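Okay, structure first, notes after.
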Amino acid sequence: MQALDYLLSIDINYIAIGLIAVFFTLEQILSTQFSFRDRGKHFWNSFLFQIVFFAGNLFWAGVTVFSIEWLNQHEIGLFYLIDLPLWLKLILGILLLDLSTYWFHRLSHRVPVIWRFHRVHHSDTTMDSSSYFRAHPIEVLFWFGSTPIVAAGIFGLDLMVIGFYFLVLTPFLVLEHSNLRFPAWLEKTFGLIFTTPNLHKIHHDQDQHYTDSNYADIFILWDRIFGTYKYKPADQVKLGLKEFDEDRKQTFWYLVRSPFIRIERTEKENLISHNRHS
Ligand SMILES: [Zn+2]
Ligand SMILES: [Zn+2]
């Protein structure tokens, strides 16, 4: 288990920066799936979110670690009642944390006040691997302050399991947002269980029928089980949100303020017409 201990000791932020550096270069060299409008500006906005994300993480992650340590010390949760081997604990831990995040994500699309923050992530009209960081700091706080703590409290997950989850989650999220062409057969194999980049791009489609689908970060299995799985070919996806489709609404400062501005969802009619036709 020395290798695992070593991996868990690496700051997850470094892994994310390393992955983005690799994918950013690949996106520059290889032919991309979606064309960039102004990549420099796009990267600058994502970069500002990245700085806020890392600075916020120092605090939010600290609060989360403190809360989970307290739960662990008091042996709260299901895993403390049964004796499981470490490998099984790690696999079940990832599945349960991903399941909890799936429901948090579904809620973010359903509850208007959380959607106001979550839509910052969806507003991106040209996506690349740095888009993973495009999340409102208050949304990141909501998630850190609820999902891992609640999951740890119910299931008895310890910090090792949570660390391992982040180790698996981060490459998935960077890959899912990368602007590269992925073969369609991925959906027919890997995509039966895992969220592929093309399946996550469908979640970023402007049409709300598709925006409200494919919520899972790692296991698309949850969408298949709970009836939110949807498919359309990646070349038919139009990224972003119609109500944010203006250059002035794509800047860091506008996006940070946007949850406090009343902006109507403009794709509601599409959902109604889809229901009528299906
Ligand atoms: Zn979403
Ligand atoms: Zn996304």
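Source: prediction; values computed, not measured. Counting convention: from 1, in listed order, for ligands and their atoms alike.
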How about Lys232 and His209: do any of their side-chain heavy atoms sit closer than 4.5 Å? no
Decide yes or no for Val120 and Phe49: does some side-chain heavy atom of the first lie under 4.5 Å from some side-chain heavy atom of the second? yes
Check whether the side chains of Tyr165 and Thr101 place a donor and an acceptor atom closer than 3.5 Å, and report yes or no. yes
Could you verify whether a donor N or O on one side chain and an acceptor N or O on the other, from Asp124 and Ser131, lie under 3.5 Å apart? yes
Are His136 and His118 close enough that a side-chain donor and a side-chain acceptor fall under 3.5 Å? no
Report yes or no: do Arg265 and Thr211 form a side-chain donor-acceptor pair below 3.5 Å? yes
Tell me which N, O or S atom of His109 sits nearest to the Zn ion (ligand 1). NE2
Min side-chain heavy-atom separation Glu187-Asn198 under 4.5 Å: yes
Looking at His105, which of its N, O or S atoms is the nearest one to the Zn ion (ligand 1)? NE2
Any idea how many protein N, O or S atoms are nearer than 2.8 Å to the Zn ion (ligand 2)? 4
